[in-house]
Amino acid sequence: MLQCTAVTQAPYAEALLALATMEGGPEHPPDVVEAEDFVLCELGDHDESAEHAAHLWSADTPDDQDLWLLWSGTGAHRVHRLDVLRLCPAVLRELATSTVTTCAYFDHHPGPHSFSVTDPLGDLIAEHVHSEVRRLVSEEDDPGTLDAPDAPDTDAP
């Protein structure tokens, strides 16, 4: 399933207060959220009956609770709320590779778990970064391509 594409501006003052007062919150909340920050819904594509959700902070507590920004509506009818929620306990176990992937969302989230949601834009950015790294590595392996001598000027008198 594709990731939801809803975006909203983080309510700065409310987010700072929530970060400063939550158990296991950051030492310096302004390092986490800035006045003009926008967040993208991280859930799978969903209908208007479900709230959008963006993860803001992973609390350093033994009970695995994180700060989430949840919102619904659009324009002047948009409503935000900040909530500290437990992590979803779902895991995906791949027996062939012996890997375990945990769901990155909050408990009782709507829709599929995070390991079933794809982010095409994130995938595109990651592929671009990987291709640039491959290009830079290949240029380092072939130093003649970096600083090739200038060709003689054939138009000179």
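Just the heavy atoms: all of them, side chains too, but no hydrogens, waters or symmetry mates, feed the values below. Please read these numbers as outputs of a predicted model, since none were measured by experiment. We number each residue from 1, following the sequence as shown.
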S.K.: Rounded to the nearest 0.5 Å, how far does CG of Leu82 lie from CG of Leu17?
M.R.: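 Those atoms lie 9.0 Å apart.
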
S.K.: Taking all atoms of both residues into account, what is the closest heavy-atom pair of Cys41 and Gln3, and its distance?
M.R.: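 Closest heavy-atom pair between Cys41 and Gln3: O-NE2, 2.8 Å.
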
S.K.: Would you give the length of the straight line joining atom NE2 of His28 to atom CG of Leu16, rounded to the nearest 0.5 angstrom?
M.R.: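 With rounding to 0.5 Å, NE2 (His28) is 9.0 Å from CG (Leu16).
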
S.K.: Nearest 0.5 angstrom please: Asp66 CG to Leu87 CG, how far?
M.R.: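 The CG atom of Asp66 sits 4.5 Å away from the CG atom of Leu87.
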
S.K.: Which pair of heavy atoms, one from Asp63 and one from Arg86, lies closest together, and at what distance?
M.R.: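 Minimum heavy-atom separation between Asp63 and Arg86: O-NH1, 3.1 Å.
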
S.K.: Determine whether Val100 and Leu92 make a side-chain contact, defined as any pair of heavy atoms from C-beta on separated by less than 4.5 Å.
M.R.: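 No, side chains not in contact.
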
S.K.: Does the pair Asp83 and Phe106 meet the rule for a side-chain contact (heavy atoms from CB on, under 4.5 Å), with working shown?
M.R.: CA-CA 10 Å; Asp83 205 349; Phe106 52 91; over 6 Å; no

S.K.: If I take atom OG1 from residue Thr61 and atom CE from residue Met22, how far apart are they, to the nearest 0.5 angstrom?
M.R.: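 With rounding to 0.5 Å, OG1 (Thr61) is 7.0 Å from CE (Met22).
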
S.K.: Do Thr8 and His80 pair up side chain to side chain, a donor and an acceptor below 3.5 Å, judged on atom types alone?
M.R.: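 Yes, His80 and Thr8 have a side-chain donor paired with an acceptor closer than 3.5 Å.
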
S.K.: Counting only heavy atoms not in Glu48 (residues, nucleotides, ligands), do more than 12 fall under 6.0 Å from its CD?
M.R.: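 Atom CD in Glu48 is not packed in, count stays at 12 or less.
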
S.K.: Taking atom CG of Asp119 and atom CD1 of Ile125, what is their separation to the nearest 0.5 Å?
M.R.: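 It comes to 7.5 Å.
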
S.K.: Please confirm whether the backbone N or O of Gly24 pairs with a side-chain atom of Trp57, one donor and one acceptor, at under 3.5 Å?
M.R.: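 Side chain of Trp57 to backbone of Gly24, a donor-acceptor pair under 3.5 Å: yes, one is there.
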
S.K.: Using a cut-off of 6.0 Å, state whether more than 12 heavy atoms not belonging to Gln9 lie near its atom CD.
M.R.: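 Yes, the 6.0 Å shell around CD holds more than 12 heavy atoms from other groups.
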
S.K.: Are Val117 and Leu85 connected into the same hydrophobic cluster when the rule is that any two of I, L, V, M, F, W, Y join if their side-chain heavy atoms are below 4.5 Å apart?
M.R.: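 Looking at the clustering, Val117 is in the same group as Leu85.
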
S.K.: Is the shortest heavy-atom distance from the side chain of Val33 to the side chain of Leu56 under 4.5 Å?
M.R.: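 Result no, sub-4.5 Å side-chain heavy-atom pair not found.
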
S.K.: How long is the gap from OG1 on Thr101 to NE2 on His113, to the nearest 0.5 Å?
M.R.: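 Rounded to the nearest 0.5 Å, the OG1-NE2 separation comes out at 12.5 Å.
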
S.K.: Which word best sums up how the rings of His55 and Trp68 line up, parallel for under 30°, tilted for 30 to 60°, or perpendicular for over 60°?
M.R.: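 Aromatic pair His55/Trp68 classed perpendicular.
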
